[in-house]
Amino acid sequence: FIVTVVKTFMVMLPEKTREKVSFVSSIADLCEETGVTQSALPESMLGQTDLEVLKGASVLELGAGKSSVHRHTVAAGDTVKWSFRVLEHNVGFELRFAAEESSSPASPSSGAGAGYSLRKTDKVAEDMGEFTAEQAGALEFMFDNTFSYMRGKTIVVSCLSS
């Protein structure tokens, strides 16, 4: 779809302008097209969230009518900065924490090994946050595309632990 829009847009431009315009889909493509190294690009051009997404990012393909869970293991005391971005449209999203089996509860209202919801949104294109684990377990990023019968979604997920 986007390729069709770009091609249509390019045809409408005057020829002299068309020679000066280039569309790229990544920072690497931008550097290749311009001959500039990534370190030479101004940080304002990259944006803080773009830098974070590039480090340790995973790409998930979520089919039409499907749901998927992306797990990120954490140790007790770890702080995780996370973000995700749906490249086109939106998805349902829930972030859960599932504690490892232990003698201490995962949260004040749940038992050992239980999980609890940290955030839930019906339809969202991007989100970010930070979570500090009081005990070992896993963050579960639950993406829901069951409402979409025709469109699959591509989701970029980034989790940085410290």
Side-chain angles (χ1 to χ4, degrees), residues 1-9 23-32 38 41 43 45-162:
F1 173 75
I2 291 194
V3 172
T4 304
V5 172
V6 170
K7 285 181 179 178
T8 303
F9 176 74
F23 289 92
V24 295
S25 60
S26 69
I27 292 172
D29 290 346
L30 173 67
C31 292
E32 183 178 324
Q38 185 171 339
L41 293 174
E43 191 170 321
M45 185 177 205
L46 300 173
Q48 186 64 28
T49 56
D50 289 343
L51 288 173
E52 289 177 1
V53 167
L54 292 175
K55 296 177 185 172
S58 299
V59 176
L60 305 173
E61 296 294 336
L62 185 58
K66 304 291 183 188
S67 61
S68 180
V69 177
H70 175 79
R71 291 177 55 90
H72 182 79
T73 304
V74 294
D78 278 0
T79 296
V80 178
K81 289 183 180 181
W82 59 269
S83 65
F84 75 86
R85 201 174 283 165
V86 183
L87 298 186
E88 289 186 26
H89 306 290
N90 54 40
V91 295
F93 171 67
E94 182 175 6
L95 178 63
R96 296 180 52 84
F97 178 74
E100 282 185 357
E101 293 291 330
S102 69
S103 58
S104 62
S107 76
S109 62
S110 61
Y116 58 95
S117 183
L118 300 168
R119 185 180 305 215
K120 187 171 185 175
T121 308
D122 285 337
K123 293 183 180 178
V124 64
E126 64 182 277
D127 202 352
M128 65 175 50
E130 189 173 299
F131 173 77
T132 301
E134 294 179 10
Q135 67 183 95
L139 281 174
E140 298 176 338
F141 297 81
M142 305 168 84
F143 298 103
D144 181 7
N145 194 32
T146 56
F147 61 87
S148 181
Y149 298 107
M150 305 270 301
R151 291 187 173 118
K153 310 287 171 57
T154 301
I155 306 165
V156 180
V157 182
S158 176
C159 295
L160 299 172
S161 296
S162 58

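For Thr79 and Ser162, the side-chain atoms include no donor-acceptor pair closer than 3.5 Å. No hydrogens or angles considered: nothing links the side chains of Ser83 and Glu126 as a donor-acceptor pair under 3.5 Å.
Between Trp82 and Phe141, the ring-plane angle classifies as perpendicular under the 30° and 60° cut-offs. Aromatic ring pairs are classed by plane angle as parallel below 30°, tilted from 30° to 60° and perpendicular above 60°; the pair Phe97 and Phe131 is tilted.
Here the side chain of Lys66 pairs no donor or acceptor atom with the backbone of Asn145 at under 3.5 angstrom. Checked by atom type and distance alone, the side chain of Thr121 never pairs as donor or acceptor with a backbone atom of Val124 at under 3.5 Å.
Contact of the Glu88 side chain with the Lys153 side chain is not registered, since no non-hydrogen atoms from C-beta on lie closer than 4.5 Å. A 4.5 Å side-chain heavy-atom check between Leu95 and Phe84 finds every atom pair outside the cut-off. Side-chain atoms of Leu118 and Leu139, non-hydrogen and from C-beta on, do get closer than 4.5 Å to each other. Side-chain contact check for Ser161 versus His72: some heavy-atom pair is nearer than 4.5 Å.
The CD1 atom of Ile155 lies 13.0 Å from the CZ atom of Arg85; values are rounded to the nearest 0.5 Å. Note that the CD atom of Glu140 and the CZ atom of Arg71 stand 4.5 Å from one another [nearest 0.5 Å]. Annotation: the span from Asp144 atom CG to Asp122 atom CG amounts to 9.0 Å, rounded to 0.5 Å. Interatomic distance, Arg96 CZ to Arg119 CZ, rounded to the nearest 0.5 Å: 15.0 Å. Summarising the geometry, atom CG belonging to Leu160 is positioned 12.0 Å from atom CG belonging to Asp78; distances are rounded to the nearest 0.5 Å.
What you find for His89 and Ala125 is that their closest heavy atoms are O-CB, 3.5 Å. In terms of heavy-atom proximity, Thr132 sits nearest to Gly77 at CG2-O, 4.2 Å. Residues Phe143 and Val91 come closest through the heavy atom pair CD2-CG2, 3.9 Å. Listed here is the closest heavy atom pair of Met150 and Ala64: C-CB, 3.8 Å. Taking all atoms of both residues into account, the shortest heavy-atom contact from Ala133 to Val74 is CB-CG2, 3.7 Å. Closest of all the heavy-atom pairs between Cys159 and Val80 is CB-CG1, 4.1 Å.
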Could you check Glu94 against Ser117 for side chain to side chain donor-acceptor pair (under 3.5 Å), going step by step and ending with a plain yes or no? CA-CA 7 Å; Glu94 182 175 6; Ser117 183; 3.0 Å; yes

Decide side-chain contact (heavy atoms from CB on, under 4.5 Å) for Val86 and Thr154; before the verdict, give the C-alpha distance in whole Å, the side-chain angles of both, and the deciding distance to 0.1 Å. CA-CA 6 Å; Val86 183; Thr154 301; over 6 Å; no

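Cation-pi contact between Lys120 and Phe93: absent, since separation from the ring centre below 6.0 Å together with deviation from the ring axis within 45° is not met.
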